[in-house]
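Keep in mind it's a predicted model, so treat the numbers as computed, not measured. Every number for a ligand or one of its atoms is a count from 1 in the order of the listing.
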Amino acid sequence: MDMKFKTKKNQDMTSLDPTNVPKHVAIIMDGNGRWAKKRGLPRFAGHKEGMKTIKKVVERAVELELEAITLYAFSTENWKRPPKEVEFIMKLPSQFLDTYLPELIENNVKVTTIGHYEGLPEFTKKAVQYSVDQTKNNTGLVLNFALNYGSRSEIVDAVKNVCQDVNSDKININDIDEELISKYLYTNQLPDPDLVIRTSGEQRLSNYLLWQVAYAEFYFTEKLWPEFNHEAFDEAILEFQNRKRRFGGL
Ligand code: FPP
């Protein structure tokens, strides 16, 4: 895999408005399996190729000075896949982070995760935790991996924690409002995503950040995740910039 993180500052920015980039882009990386199948390759090959796309998207997000990207790397539903595929996917975070951590650090990227971390295999947790620790003081792009993540389960966790804090008089029932609920979600350190991208032509949310995307713009592309690149990311952002966001107003 190409080791070098290419930042080509200020290139290709001509058609994008640098003052109107989304703060937080949430991505559903879909179509790895179909990409491989089209080429007569095993599904694993698609996931491997998909990691290269992650690198490209992170590079571009750094250049465009986005605050955060959240990548749906493994959902709570993905455990239903054949064990061999699950095992392969679980090795990808360590492969990605072992390869790119120095570049991420160089680019001031902060790695974080959301999801049921404790349910991940030890080797996955170890790689992710190391990168989280090594980048915790970075102040640039937040590269947030949704791993063993499901939005409904996140909301259930939040409700339980709110109830516990009411029971122990830490908060009063009248303190519960939208802002407080947001603080109890895994994403409490991040602005709500303003753009959601899903590749491969599927138009579903698949239990992803249901609360947080209440006002997000949605962008669906036929491109399969391994085919997505800097230019495709720019196209999505351009489309975002051409949408009129009214947040319920006129
Ligand atoms: C969707 O394609 C892809 C996944 C469920 C796994 C995505 C994971 C990665 C790209 C790597 C994660 C890496 C890190 C660094 C955390 P699919 O298999 O559903 O494709 P299909 O719909 O065509 O079968």
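Annotation: atom 12 (C) of ligand 1 to nearest protein heavy atom, A73 CB, 3.9 Å. With hydrogens left out, the protein atom closest to atom 1 (C) of ligand 1 is M29 O, 3.0 Å, a heavy atom. Distance from atom 22 (O) of ligand 1 to its nearest protein heavy atom, with residue and atom name: R34 NH2, 2.9 Å. Of all protein heavy atoms, the one closest to atom 15 (C) of ligand 1 is F96 CB, 3.4 Å. Counting protein heavy atoms only, atom 4 (C) of ligand 1 is closest to H47 CE1, 3.9 Å. Atom 11 (C) of ligand 1 has as its closest protein heavy atom L92 CD1, 3.5 Å.
Taking only nitrogen or oxygen atoms, main chain and side chain alike, W225 does not reach within less than 3.5 Å of ligand 1. Taking any N or O of R81, backbone or side chain, at least one lies under 3.5 Å from an N or O belonging to ligand 1. Taking only nitrogen or oxygen atoms, main chain and side chain alike, G33 reaches within less than 3.5 Å of ligand 1. Polar contact with ligand 1: present for N32 (N/O pair, distance under 3.5 Å).
With contacts defined as side-chain heavy-atom distances shorter than 4.5 Å, the pair R204/I28 does not qualify. In this structure the side chain of N148 never reaches within 4.5 angstrom of the side chain of Y117, judged on heavy atoms. When side chains are defined from C-beta on, D157 counts as touching Y186, because their heavy atoms get closer than 4.5 Å. In this structure, the side chains of T70 and Y208 come closer than 4.5 Å at one or more pairs of heavy atoms. Side-chain contact between L71 and N144 is absent, with no heavy-atom pair separated by less than 4.5 Å. Contact of the F228 side chain with the V57 side chain is registered, since non-hydrogen atoms from C-beta on lie closer than 4.5 Å.
Assignment of S200 to the shell around ligand 1 is not supported, since no heavy atom sits closer than 4.0 Å.
Not a single donor-acceptor pair under 3.5 Å links the side chain of E85 to the backbone N or O of R43.
Under the 3.5 Å distance criterion, with hydrogens and angles disregarded, no donor-acceptor pair is assigned to the side chains of N107 and E103.
Near R43, meaning under 4.0 Å from one of its heavy atoms, ligand 1 places the atoms 17 (P), 18 (O), 24 (O).
Of the heavy atoms in L71, none comes closer than 4.0 Å to ligand 1.
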Exercise. Check the pair R34, E202 against salt bridge (charged side-chain N to carboxylate O under 4.0 Å, His left out), reporting the backbone distance first and the verdict last.
Key: CA-CA 12 Å; R34 275 163 284 167; E202 308 293 343; 3.2 Å; yes
